[in-house]
Participant: 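Please read through the structure below; I'll follow up with questions.
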Amino acid sequence: MVLQALIEELGAEESNLIKTIEAALSSEELESLRVKAIGKKGSLTKVLRGMGKLSPDDRPKLGAAANQARDRVNNALEHAKKRLENAALEAELKIQLDLSEPSAGLSLGSSHPIMQVQEEILSVMDRLGFQRAEGPEIEHDFYNFEALNFPHNHPARDMQDTFFVDENVVLRTHTSPIQIRQMLAQGEPPMHISGYGRVYRHDQDATHSPMFHQIEGLWVDHGVHLGHLKGTITAFLETLFTPETGVRFRPSYFPFTEPSAEVDMSCVMCGGSGVAHDPAANNEHGKCKMCKGTGWIEILGAGMVDPNVFGAVNFPKDIRGFAFGIGVERVAMLKYGISDIRMFYENDHRFLSQF
Ligand code: PHE
């Protein structure tokens, strides 16, 4: 009987294939076996060519037998694939578990220089009696400007190179909105806070980055006066830099302080003399490059809190306070003699591992 012969042929071919598959040693070998078995010109397919010799009744029987054979071969292929994968994994695990291998020398990470300097500044402020506070980086116009006495459409808002999220929402341009949030949350004086975090301005060059870090001191109490501001800032800078650091106050303008001051400190490069010891630190006229020979560098903004700010948070009329704001990157650049702010954000391991 032709059907019987063909089915036997199919069976012989199947067990032949399965034996070879079980002995296969690589996935390439498996792939070529798969083609050889069930591809268009495969050996199982070939048996089906005998179909023509069969009666119409027998044809489906051969078809069914061929399908079953193909399923079993596929199964064997699947099995063999898993077997090879497991063997490969096991081999890999064996290598990794060789505890006698010498180590490749792991290097430890460290906190980012900006985070180190931020911590240094905050810890000086901790000792002066300020309490740390944070706030949202995406801020309402009210906290970033309005309550800080920036009138609507006033050009003072241009000082801040604002990124707008929408008409009333901005990326905070300074840490001063933390003052407002803290005063509103506490509802009454006294307040002694150091607000800190990221701030954003669309400004970018060697000394400006669109994202940078600020720290803000706010000291509110009865009887606080300009002398407290000068004494605190002087002690703060002498501690942060050196006890010899000179400090001077120049009149300036901020909407939220009155009077306002720009604070300079003696140049860290030339010690305030205008001519650096190291000739490489001087320009072609023999003057210190960092302070351009003036002996002073600008380090922070400060002032006595404007009464309108206290009005916005419903603090008593006779309350007084001082505030100051300092850029963390600026301090880090001065402390470590870094001339390009972008180095902090390039994530160059050679740079970062020096701190
Ligand atoms: N918020 C000001 C700025 O970013 C800095 C500042 C803070 C000035 C507090 C005075 C008082 O420019």
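Just so you know, ligand 1 is whichever comes first in the structure, and atom 1 is the first atom listed for that ligand.
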Participant: Phe355 vs Tyr336 aromatic rings, parallel, tilted or perpendicular, using cut-offs 30° and 60°?
Facilitator: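 The arrangement is perpendicular - the two ring planes meet at more than 60°.
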
Participant: Heavy-atom contacts under 4.0 Å between Ala302 and ligand 1: side chain, backbone, both, or neither?
Facilitator: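 The part of Ala302 near ligand 1 is the backbone, not the side chain.
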
Participant: Quick check: Ser176 and ligand 1, any N/O pair under 3.5 Å apart?
Facilitator: yes

Participant: In the protein, what heavy atom is nearest to atom 7 (C) of ligand 1, and what distance, to one decimal place, separates them?
Facilitator: Gly325 N, 3.4 Å

Participant: With a 6.0 Å cut-off on the ring centroids, do His192 and Phe130 count as close?
Facilitator: no

Participant: Against heavy atoms of Ala323, which atoms of ligand 1 measure under 4.0 Å?
Facilitator: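 Counting from 1, the qualifying ligand atoms are 9 (C), 11 (C).
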
Participant: Are any side-chain N or O atoms of Lys36 and backbone N or O atoms of Glu31, one a donor and one an acceptor, separated by less than 3.5 Å?
Facilitator: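 Judged by distance alone, no pair lies under 3.5 Å.
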
Participant: Does an N or O from Gln214, backbone or side chain, lie closer than 3.5 Å to an N or O of ligand 1?
Facilitator: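 Yes; at least one N/O pair falls below 3.5 Å.
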
Participant: Can you find a heavy atom in the side chain of Met343 that is under 4.5 Å from one in the side chain of Asp348?
Facilitator: no

Participant: Number the atoms of ligand 1 from 1 as they appear, then name those within less than 4.0 Å of a heavy atom of Phe324, with their elements.
Facilitator: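 By the 4.0 Å cutoff, the relevant atoms are 7 (C), 9 (C), 11 (C).
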
Participant: Considering the options Phe145, Tyr143, Tyr253, Phe254, which one meets the ring-ring contact (aromatic ring centres under 6.0 Å, His included) requirement together with Phe150?
Facilitator: Phe145

Participant: Taking only residues two or more places apart in sequence or in another chain, which ones pass salt bridge (charged side-chain N to carboxylate O under 4.0 Å, His left out) with Glu78?
Facilitator: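 Once residues adjacent in sequence are excluded, Glu78 has no partner under the salt bridge (charged side-chain N to carboxylate O under 4.0 Å, His left out) criterion.
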
Participant: Kindly determine whether Val2 and Asp58 satisfy side-chain contact (heavy atoms from CB on, under 4.5 Å), including the steps that lead there.
Facilitator: CA-CA 9 Å; Val2 189; Asp58 285 345; over 6 Å; no

Participant: Closest non-hydrogen protein atom to atom 12 (O) of ligand 1, residue and atom name please, with distance?
Facilitator: Arg201 NH2, 3.6 Å

Participant: For atom 2 (C) of ligand 1, what's the nearest protein heavy-atom neighbour? Residue, atom name and distance, please.
Facilitator: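 The closest one turns out to be Phe256 CZ, 3.6 Å.
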
Participant: List ligand 1 atoms under 4.0 Å from Glu216, heavy atoms only on the residue side.
Facilitator: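 Answer, ordered by atom number: 7 (C), 9 (C).
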
Participant: Using distance alone, decide if ligand 1 has a nitrogen or oxygen within less than 3.5 Å of any nitrogen or oxygen in Thr173.
Facilitator: no

